[in-house]
Visitor: 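Got a structure for you, written out below as structure tokens; questions coming shortly.
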Amino acid sequence: MLTLHSLRNLVIAGLVGEISFEIYAWLISPVLFGVALAPANLVIALIKIAFGVTLPHWAGFLVHFTIGAVGFGAFVWLTHLVTRVNLVLSGALAGFVLWFVAQGVLAPVVGRSFMMGFGAYTQSSFIGHVGMATLMGYVMVRLQTRQARIAA
């Protein structure tokens with residue numbers, strides 16, 4: 001059940017995960033894979049297709065960041081509720097699904113190839129999404145453990 005404490009934990013974990021994703025996308029991915037991840041461009045293209053509106057890059061970034069921090073954190077929690085596996089594994093599963101949706105479903109919607117040809121961008125995106133969501137699950141566990149200790 002989603003309580004006020006678990007909602008707070010979800011948002012904190014979502015922020016930690018999304019901030020970590022952005023650090024990875026902008027600073028680590030270019031070193032490891034030679035590409036910086038730019039999910040804001042996907043958001044901008046999807047909004048252009050859906051609504052005919054061209055967002056500036058900062059707005060696309062803000063939309064992705066907000067969806068990542070709140071929506072992806074909620075998706076980790078929902079995955080946990082559905083699968084009944086621990087939150088860290090739920091995070092890894094949720095991250096895999098999010099990666100597949102981004103690269104396998106949404107990228108083709110905006111005119112890119114399926115999984116973007118499984119190149120460096122897709123491989124880096126896999127690490128980014130799975131790592132981000134796994135971290136969200138881990139932070140949720142740590143916050144729950146801390147809350148339980150305080151309540152005891």
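Residue indices begin at 1 and follow the sequence shown.
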Visitor: Using the rule given for side chain to side chain contact (heavy atoms under 4.5 Å, CB included), can you reason through Gln103 versus Arg112, listing the C-alpha separation, both sets of side-chain angles and the distance that settles it, and then say yes or no?
Guide: CA-CA 9 Å; Gln103 301 295 308; Arg112 297 195 175 119; over 6 Å; no
Visitor: Any chance you could measure Leu46, atom CG, to Phe51, atom CZ, to the nearest 0.5 Å?
Guide: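 The distance works out to 10.0 Å.
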Visitor: Would Val130 end up clustered with Val85 when hydrophobic side chains under 4.5 Å apart are linked, directly or stepwise?
Guide: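 Looking at the clustering, Val85 is in a separate group from Val130.
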Visitor: Test of understanding: clusters of I, L, V, M, F, W, Y form through side-chain heavy atoms closer than 4.5 Å, transitively. Do Leu42 and Ile47 belong to the same one?
Guide: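 Yes, one cluster joins them.
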Visitor: Decide whether Val109 and Ile67 are clustered together by the hydrophobic rule: side chain heavy atoms of Ile, Leu, Val, Met, Phe, Trp, Tyr closer than 4.5 Å, transitively.
Guide: yes
Visitor: Rounded to the nearest 0.5 Å, what's the gap from CG on Leu4 to CG on Asn9? Could you check?
Guide: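 Rounded to the nearest 0.5 Å, the CG-CG separation comes out at 9.5 Å.
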Visitor: With a 4.5 Å heavy-atom cut-off, do Lys48 and Val53 have their side chains touching?
Guide: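 Side-chain contact under 4.5 Å: no.
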Visitor: Is the NE2 atom of His5 crowded by more than 12 outside heavy atoms at less than 6.0 Å?
Guide: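 Incorrect, the count does not exceed 12.
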Visitor: Compare all side-chain heavy atoms of Val141 with those of Asn86 and state whether any distance is below 4.5 angstrom.
Guide: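 In short, these two side chains do not touch, never coming nearer than 4.5 Å.
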Visitor: Starting from Val97, can I reach Leu106 by hopping between I/L/V/M/F/W/Y residues whose side chains sit under 4.5 Å apart?
Guide: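 Same hydrophobic cluster.
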Visitor: When you compare the side chain of Met136 with that of Phe75, does any pair of heavy atoms fall below 4.5 Å?
Guide: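 No, side chains not in contact.
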Visitor: If you define the side chain from C-beta out and look only at heavy atoms, does anything of Val105 sit under 4.5 Å from Phe114?
Guide: no
Visitor: Take atom CD1 in Ile150; do more than 12 heavy atoms of anything else shown fall under 6.0 Å from it?
Guide: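 Count over threshold, so yes.
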Visitor: Keeping Ser125 on the side-chain end and Tyr121 on the backbone end, is there a donor-acceptor pair under 3.5 Å?
Guide: no
Visitor: How close do Met140 and Ala13 get, heavy atom to heavy atom, and via which atoms?
Guide: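 That closest heavy-atom pairing would be CG-CB, 3.6 Å.
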Visitor: With rounding to the nearest 0.5 angstrom, report the CD1 to CE distance, Ile19 to Met132.
Guide: 12.5 Å
Visitor: According to a 4.5 Å side-chain heavy-atom criterion applied to Ile, Leu, Val, Met, Phe, Trp and Tyr, with indirect links allowed, do Leu55 and Leu62 form part of one hydrophobic cluster?
Guide: no
Visitor: Determine the minimum heavy-atom distance between Ala25 and Ser29, stating which atoms define it.
Guide: O-CB, 3.8 Å
Visitor: Give me the atom names and distance for the closest heavy-atom approach of Glu18 to Gly68.
Guide: OE1-CA, 3.3 Å
Visitor: Let me see the working for Thr3 and Ser6 under side-chain hydrogen bond (donor to acceptor under 3.5 Å, both in side chains), right down to the final yes or no.
Guide: CA-CA 5 Å; Thr3 65; Ser6 59; 3.2 Å; yes
Visitor: Does the side chain of Ser124 reach to within under 4.5 Å of the side chain of Leu37, using non-hydrogen atoms?
Guide: yes
Visitor: Establish, yes or no, whether a centroid distance under 6.0 Å links the rings of His129 and Phe100.
Guide: no
Visitor: To check you understand the geometry: which heavy-atom pair defines the closest contact between Gly17 and Leu135, and what is its length?
Guide: CA-CD2, 4.3 Å
Visitor: Less than 4.5 Å apart, any side-chain heavy atom of Pro39 and any of Phe21?
Guide: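 The answer is yes, as the side chains (C-beta and beyond) meet within the 4.5 Å cut-off.
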Visitor: Is atom CZ of Phe65 surrounded by more than 12 heavy atoms (other residues, nucleotides or ligands) closer than 6.0 Å?
Guide: yes
Visitor: Could you check whether any side-chain heavy atom of Leu89 comes within less than 4.5 Å of a side-chain heavy atom of His80, counting everything from C-beta outward?
Guide: no
Visitor: With Phe126 as reference, evaluate Phe118, Phe33, Trp99, Tyr24 under the ring-ring contact (aromatic ring centres under 6.0 Å, His included) test and give the passing residue.
Guide: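 Answer to the ring-ring contact (aromatic ring centres under 6.0 Å, His included) test with Phe126 among Phe118, Phe33, Trp99, Tyr24: Trp99.
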Visitor: Flag yes if more than 12 heavy atoms outside Arg8 fall under 6.0 Å of its CZ atom; otherwise flag no.
Guide: yes
Visitor: Identify the heavy atoms of Gly60 and Ile44 that sit nearest to each other, and give their distance.
Guide: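 Here Gly60 and Ile44 meet closest at CA-CG1, 3.9 Å.
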Visitor: Heavy atoms, side chains only, cut-off 4.5 Å: are Gln144 and Leu87 in contact?
Guide: yes
Visitor: If I compare all heavy atoms of Ser90 with all of Thr83, which pair ends up nearest, and what's the gap?
Guide: OG-OG1, 3.6 Å
Visitor: How long is the span from the OG1 atom in Thr134 to the CZ atom in Phe96, to the nearest 0.5 Å?
Guide: 12.5 Å
Visitor: One pair to check against side-chain hydrogen bond (donor to acceptor under 3.5 Å, both in side chains): Glu22 and Trp26. What are the steps and the verdict?
Guide: CA-CA 6 Å; Glu22 296 301 335; Trp26 292 56; 3.1 Å; yes
